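Here's the structure we're looking at; comments come further down.
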Amino acid sequence: MNFFKSFSLKTVMAATLALSSSAFAAEQAMDLDTLLKQLEQGQSAQNAQNAQREAQFKAQQSEQVRMLRELTSNRDGELNRSERLETQFEENEIKLGNLSDTLSKRMGSLKELFGVLQQVAGDSSNKFRTSVVSAEIPNRSAFMDDMAKRMGSSTKLASIEDIEKVWVELQREMTEQGKVSRYTSDVIVAGGTKTQKEVLRVGAFNLIADGKYLSYNPETNTLSELTRQPTARFTQSAAELQSAQSGIVDFALDPTGGSILGLLVQAPNTKEQVEQGGAVGYVILGVGLLALLIALERFVSLMIMGAKINRQLKDSVAREDNPLGRVMKVKEQYPDVAYDTLELKLSEAILREMPKITRNLTLIKIISVVAPLLGLLGTVTGMINTFQAITLFGTGDPKLMAGGISTALVTTVLGLVVAIPTVFLYTLLNTRSRNLLLILQEQSAGIIAERSEKGA
């Protein structure tokens, strides 16, 4: 009751303040009698409202007591039920343990058999899933997966039929590994389109179609042509095997089922190796091509020149179309000079012919020396780039180091490839030109000896 009195007092004070504020806001005068009357009316209404609330609370008190008793009774019932279930659970645990012991004793050696069967089924499932035989005979791993799961459960046992089926599937895999089988299947070719082709399966090792090696995706059970095929000698053996109808054919077999083939196709071909040499490699090839063109031109010129000189040797009439004829013309131009003067004139004529015979041979020799030096330059540059990459990224990736070193050594190989044949070409052409000069000198010496005899 004190709460309600205090609340009434506060209400009265709030009402008084509100009335005062209203009075001031309206700027109207109110006498004390009217104010007192209003306060008495508000207090009476508040007392009636408080009495109503007390009556309502007392009426609900009995209902709350009833609900409390009902909840207490439910709790006691659930506690009793929990005790009964706990007792039943303990009894079931004891019974289950006894049954498990009985099952283990009765199974005996069969338990070990089922354990081995579970292991074999699991291993065979993984093997069947990745085997290329599954490209022709799909869904073989589903039974093995189900068998492994059942053997992993202690409540399910394998039947004689299940055990025999496991043996049949294992025997089928072994049998198919020794067969070369042909069948038609969808193959994903370059561009992502599917085309039906005749697929040749070589045991459990390789799949080929149209003379190209295929890859098998066990996740989607699809066949696709390798983006990059191995070298021509391998694809040629695949084409010969697919076109053969009987007999023995040489075939490049991948015993790993595609792992070695996948690494083999990643190896760079000759064009890619040349491209690894970079700008220095192209410069080396450029000077090598220049040396080859010069050597071809010199070889043809010396052959033609040698043929004309040989023809001139058989003819006593000097001709202007060959070096020997032009040297012999000197004798006709100076018929009355002394032999020592004629010797000088002939030497001069030979010196005039020498640049034509030995033209560009020095350039070939220079290229044979410069090519390996350019290769060494490319190697040093590549090693610098490799060490810079190691400085930035560390040595955690061996492929990064191996790739950089391989690129660096390509220029050395290119330099040697250009230098070695260039040296042989220079030696061959130099020997040929010297032989022609020796013929000129020999004939010149004969002319001098003839003039000397006449002078004597």
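Reckoned from all heavy atoms, side chains included, excluding hydrogens, waters and symmetry mates. None of the values given here were measured: they were computed from a predicted structure.
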Residues in side chain to side chain contact (heavy atoms under 4.5 Å, CB included) contact with [X], at least two apart in sequence or another chain:
X      : result
Val417 : Val413
Gln49  : Gln46, Arg53
Thr72  : Leu68, Arg75, Asp76
Ser82  : none

Mind checking what makes side-chain hydrogen bond (donor to acceptor under 3.5 Å, both in side chains) contact with [X], not counting sequence neighbours?
X      : result
Ser433 : none
Asp123 : none
Arg319 : Asp315

Under the salt bridge (Lys or Arg N to Asp or Glu O under 4.0 Å) test, which residues partner Glu83, sequence neighbours left out? none
Residue list, salt bridge (Lys or Arg N to Asp or Glu O under 4.0 Å) with Arg326, at least two apart or on another chain: Glu353
Is the shortest heavy-atom distance from the side chain of Leu170 to the side chain of Val120 under 4.5 Å? yes
Is there a side-chain contact between Val166 and Met144 in this structure, where contact means two heavy atoms from C-beta onward sitting under 4.5 Å apart? yes
List, one per line, each side-chain donor-acceptor pair under 3.5 Å for residues 192-219, sequence neighbours excluded.
| from | atom 1 | to | atom 2 | distance (Å) |
| --- | --- | --- | --- | --- |
| Lys197 | NZ | Asp210 | OD2 | 3.1 |
| Lys197 | NZ | Glu225 | OE2 | 2.8 |
| Arg201 | NE | Glu136 | OE1 | 2.8 |
| Arg201 | NH1 | Glu176 | O | 3.1 |
| Arg201 | NH1 | Gly203 | O | 2.8 |
| Arg201 | NH2 | Glu136 | OE1 | 3.0 |
| Arg201 | NH2 | Glu176 | OE1 | 2.5 |
| Asn206 | OD1 | Asp254 | N | 2.8 |
| Tyr213 | OH | Ala252 | O | 3.1 |
| Ser215 | OG | Ser224 | O | 3.3 |
| Ser215 | OG | Ser224 | OG | 3.0 |
| Tyr216 | OH | Asn221 | OD1 | 2.9 |
| Asn217 | OD1 | Glu219 | N | 3.1 |
| Asn217 | ND2 | Thr220 | OG1 | 3.4 |

What side-chain donor-acceptor pairs closer than 3.5 Å can you find for residues 435-448, not counting sequence neighbours?
| from | atom 1 | to | atom 2 | distance (Å) |
| --- | --- | --- | --- | --- |
| Asn435 | ND2 | Thr431 | O | 3.2 |

Compile the donor-acceptor pairs under 3.5 Å between side chains in residues 277-301 and protein atoms, sequence neighbours left out, one pair per line.
| from | atom 1 | to | atom 2 | distance (Å) |
| --- | --- | --- | --- | --- |
| Glu297 | OE2 | Ser301 | OG | 3.0 |
| Glu297 | OE2 | Arg359 | NH2 | 3.1 |
| Arg298 | NE | Arg359 | O | 3.4 |
| Arg298 | NH1 | Lys356 | O | 3.1 |
| Arg298 | NH1 | Ile357 | O | 3.2 |
| Ser301 | OG | Glu297 | O | 2.9 |

Is it the case that the side chains of Arg233 and Ser237 hold a donor-acceptor pair, with the cut-off being a distance below 3.5 Å and no angle test? no
